[in-house]
Student: 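Sharing a structure here in structure tokens format.
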Amino acid sequence: MPLIVKDYTWTQTETIVYINVPLKGVKVGKVDIFSTDEYLKVHFPPFLFEAFLSEPIDDDKSTAKIGNGVAVFTLQKKEERLWEHLVINNNDKDKSREIRERALLKAQAKLAAESKAKATKTQEERKYALETMMKLEEEGRAKIQKMKDDECEKATAQLEAWKLKQRQIAEEEAQLKLQSQRIKVDKQSKSEKIHVPRTSDQCKVKHDQKNSVQSISKKKQVDLPAPRSTGNIQIKFTPRVFPTALRESRVPEEEEWLQKQAEARRAINVNLAELKDLTEEERNPDWLKEKGDKLFATGNYLAAINAYSLAIKLNRKIPAMYSNRAACHLKLRNLHKAIEDSSWALDLLTPPVAGNAGARTRAHVRRGTAFCELELYTEGLCNIN
């Protein structure tokens, strides 16, 4: 049978009611508080405080603070006026039970509504994240398609220019060929004509024509450019891992791939002497994580650290390994190592999304606990951010 607390005090304004309940030396962790708009209960075994409020309050805006051996309640009134009494004078057990049951139903309905709202919010966040990712992918595809279209237009323009130039060259060659054919026909027709003795004037005109043709041919020969001099051009190519040309490759993706391959080779070659005696199952990071979890549950923290460390050597990209090893270091009072492993886990759990919120919370709690154990309270508070 709980001991009813009656030595509480209360004050009020037109909008707020203040209630001070002494905790009788009970630790804060053992205090249980339950409240609705018409009922307030504080249970700290073996004591119990119950208040059947005379007027309704706004439970969502009301607060409770526990410290210095007292629980202080700040209750927001729904109606702005002074109360004549804090609680109703009720000695009827049936009515008291009815109020308790009604308060319990209200609390259950409120909890269900909050759970539904949280699920709706989570679903909306996932939907928004999916839409954002699809939008980014669509923008990326549109950008790539635009680059392809620009390259296609550029190549088409170059091809059309080359075709036009080839047509001009072909036309010039055809004109030259036609002129040479006409000259040949004219020579043949002249050779077939009857030979007529030339007069002196005709010879003079012929001589002048010949001299003019020779001068024109000499002028053309003088105007021709000199032949190009021969030489060798040295071409050097940048050594590449991939066989494709640089213009056909995607340098950032290739560098990322090479980095991953190097990390994979280091993971395979690390501590070969240590891994040589392990079975295929013991080389599986997931199996080692489960083994470490079981050892942690049994209190064998050093063995759990060894299991997590070996798993990290095999795969350094699993944040749970660092977070769990931080928990082991925290148990063994290796506080600086706990902070280091928690920080590694938080670095791997980026970006912060709803899917890794739980893992990030555990890592923040372990790092903050280690800071507080080292009496670095400022860093512990900053750790929440």
Side-chain angles (χ1 to χ4, degrees), residues 116-174 228 231-270 284-286 289 311-323 343-364 385:
K116 185 177 179 180
K118 184 177 180 181
T120 303
K121 183 180 179 181
T122 302
Q123 185 177 3
E124 290 177 354
E125 289 178 350
R126 290 179 180 175
K127 183 179 179 181
Y128 175 75
L130 181 61
E131 291 176 352
T132 303
M133 183 175 64
M134 292 176 64
K135 183 178 179 181
L136 292 175
E137 290 179 354
E138 185 65 27
E139 291 177 355
R141 285 194 295 267
K143 186 176 180 181
I144 293 172
Q145 186 63 38
K146 186 177 182 302
M147 293 173 62
K148 289 182 179 179
D149 294 340
D150 293 342
E151 290 293 332
C152 184
E153 291 178 1
K154 183 178 178 181
T156 303
Q158 292 177 352
L159 181 61
E160 292 297 331
W162 180 81
K163 287 182 179 180
L164 179 60
K165 186 176 180 180
Q166 293 299 318
R167 283 198 296 268
Q168 292 175 353
I169 294 174
E171 290 176 357
E172 292 176 358
E173 290 180 352
R228 294 181 180 179
N232 296 326
I233 299 175
Q234 295 182 356
I235 300 175
K236 297 181 179 180
F237 297 95
T238 304
R240 288 177 44 74
V241 177
F242 292 86
T244 57
L246 182 61
R247 63 178 179 275
E248 300 174 0
S249 66
R250 304 175 72 176
V251 175
E253 294 182 1
E254 293 177 1
E255 292 179 353
E256 183 180 359
W257 183 86
L258 292 172
Q259 185 178 1
K260 289 181 178 179
Q261 292 295 319
E263 291 179 356
R265 286 194 296 271
R266 285 197 298 269
I268 293 173
N269 296 329
V270 66
N284 185 357
D286 294 332
K289 180 182 177 300
I312 290 172
K313 289 180 180 179
L314 294 172
N315 190 342
R316 300 179 181 273
K317 300 296 184 181
I318 303 177
M321 302 294 189
Y322 293 96
S323 182
S343 300
W344 275 110
L346 289 171
D347 290 340
L348 293 174
L349 290 168
T350 52
V353 295
N356 62 15
R360 290 182 61 83
T361 300
R362 289 190 292 272
H364 275 301
N385 298 327

Student: With side chains defined as the heavy atoms from C-beta onward, is the minimum distance between Lys127 and Glu131 less than 4.5 Å?
Tutor: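 Yes. Closest side-chain heavy atoms under 4.5 Å.
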Student: Nearest 0.5 Å, please: how far is OH in Tyr128 from CE in Met133?
Tutor: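 That separation rounds to 13.0 Å.
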Student: Where do Ala345 and Ser323 come nearest, in terms of heavy atoms and distance?
Tutor: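 In this case the closest contact between Ala345 and Ser323 is CB-N, 3.9 Å.
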Student: Does the side chain of Arg126 come within less than 4.5 Å of Val353's, by heavy atoms?
Tutor: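 The answer is no; the side chains never approach within 4.5 Å.
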Student: Roughly how far apart are Ile144 CD1 and Asp149 CG, rounded to 0.5 Å?
Tutor: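 The CD1 atom of Ile144 sits 12.0 Å away from the CG atom of Asp149.
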Student: For Met321 and Pro285, work out which heavy atoms get closest and say how close.
Tutor: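 Nearest heavy atoms, Met321 then Pro285: CE-O, 3.2 Å.
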Student: Could you tell me whether Glu139 atom CD has more than 12 heavy atoms of other residues or ligands within 6.0 Å of it?
Tutor: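 Yes, because the 6.0 Å sphere around CD of Glu139 holds more than 12 heavy atoms from other groups.
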Student: What distance do Gln168 atom CD and Glu171 atom CD have between them, rounded to the nearest 0.5 Å?
Tutor: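 So the gap between those two atoms works out to 7.0 Å.
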Student: Within this structure, what is the CD-CD1 distance for the pair Glu172 and Ile169, rounded to the nearest 0.5 Å?
Tutor: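 Here the interatomic distance stands at 7.0 Å.
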Student: For Thr350 and Leu346, which heavy atoms make the closest approach, and how far apart are they?
Tutor: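 In this case the closest contact between Thr350 and Leu346 is CG2-O, 3.4 Å.
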Student: Which heavy atom of Leu348 sits nearest to which heavy atom of Lys317, and what is that distance?
Tutor: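 Taking Leu348 first and Lys317 second, the nearest heavy atoms are CD1-C, 4.0 Å.
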Student: Quick test of your reading of the model: are Arg141 and Glu138 salt-bridged, counting only N-O distances below 4.0 Å?
Tutor: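 Salt bridge between Arg141 and Glu138, a charged N being under 4.0 Å from a carboxylate O: yes.
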Student: Salt bridge or not between Lys146 and Asp150? Use side-chain N to carboxylate O under 4.0 Å.
Tutor: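 Yes, charged N to carboxylate O under 4.0 Å.
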Student: On a heavy-atom basis, which atom in Asn356 and which in Pro351 lie closest, and how many Å separate them?
Tutor: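 Between these two residues, the closest heavy atoms are ND2-O, 3.1 Å.
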